[in-house]
Asker: 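Sharing a structure with you now.
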Amino acid sequence: MKNRFWQYVSIALIAITAFPAPSWAAGYTQTKYPIVMVHGFLGFESIGPLEYFYGITSGLRSGGANVYVTTVSAANSTEARGEQLLTQVKQILAVTGAAKVNLIGHSHGGPTTRYVASVRPDLVASVTSVGGVNKGSKVADILMDNAPGVSTVVLGAVANLMDIVSGNTGRPQDAKAAMTSLTTAGALAFNVRHPDGVPLSACGEGAYQARGVHYFSWSGGKQITNVLDPLDAPLALTALAFDGEKNDGLVGSCSSHLGRVIRDDYAMNHLDEVNQTAGLVSLFETNPVTVYRQQANRLQGLGL
Ligand code: CA
């Protein structure tokens, strides 16, 4: 009995030393260029202790990445947000002395990062779009088709509130411009002007590289993922807008595609993609923080 116990212990020790999890390795997320995070519609950098990219920035930093979290208007057009991001990217390059940045954008942050890469590809090593509204959202279509006035007033008020509580007062908010950018028609018009990385087919992959910039995307395809998260139910409701098409509650899986599609069917909803609410995500799926860390490691492998 005693011998068997020590047999198990030695097998366990050999297993641990022989197969170390690669993500434990020092420098696992250490990219050549700084990583710049960009929030979505109605997003923020942090509200008190609650970061938008909950636990993700620290997860990336713990493996050696140099991470910057930016703030753009919670509600505004993709171009207006993109110009605000471009200013911050230039500041980050000046501070760090880096030649380029790796941009990671969630939701409306996807098109926002694409704008910067489109107008200044020389400053961008990669764009990673997470749950990106790259071909619009059917939720935005329904709201703008049926109740544009009420929608923009309500969402404008929420945007102003988000701006105040996150301590970033003063950025221009324009909910109508934001919602127009997020509709299918608005997104497609944007894609004509800024096509890099956008799939040419309805649901395929886009170019992995365009004008020197690498393009990636991933998204979830589920709504109810954690019974404790009060925001799962509202996402199950908005998911009805998609009429059976795979979606994360706010963005269709096909719309999220950009460049190389890592996956479009994680058991994650739109908020799980940024590890919200406060880490309440599926226990049966790869943790969102791990997915971001894997992406940093992928960028590292490409010398970015
Ligand atoms: Ca959640």
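Please read these numbers as outputs of a predicted model, since none were measured by experiment. For ligands, and for the atoms within them, numbers begin at 1 and follow the listed sequence.
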Asker: A quick test of your reading: do over 12 heavy atoms of other residues, nucleotides or ligands sit less than 6.0 Å from NZ of Lys176?
Answerer: no
Asker: Quick check on side chain to side chain donor-acceptor pair (under 3.5 Å): which of His194, Arg120, Glu83 does Tyr115 satisfy it with?
Answerer: Glu83
Asker: Are there any protein N/O/S atoms under 3.0 Å from the Ca ion (ligand 1), and if so, which?
Answerer: Asp229 OD2, Asp272 OD1, Gln276 O, Leu280 O
Asker: So among Asn269, Asn247, Asp248, Thr238, which one has a side chain to side chain donor-acceptor pair (under 3.5 Å) with Gln223?
Answerer: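 Considering Asn269, Asn247, Asp248, Thr238, a side chain to side chain donor-acceptor pair (under 3.5 Å) with Gln223 is found only for Asn247.
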Asker: Please indicate whether Phe242 has more than 12 foreign heavy atoms, meaning atoms of other residues, nucleotides or ligands, lying under 6.0 Å from its CZ.
Answerer: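 More than 12 within 6.0 Å, yes.
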Asker: So Tyr52 and His106, would you call those rings parallel, tilted or perpendicular, with 30° and 60° as cut-offs?
Answerer: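 Rings of Tyr52 and His106: tilted, 30 to 60°.
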Asker: I'd like to know if Lys222 and Glu285 make a salt bridge, using a cut-off of under 4.0 Å between side-chain N and carboxylate O.
Answerer: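 Glu285 and Lys222: not salt-bridged.
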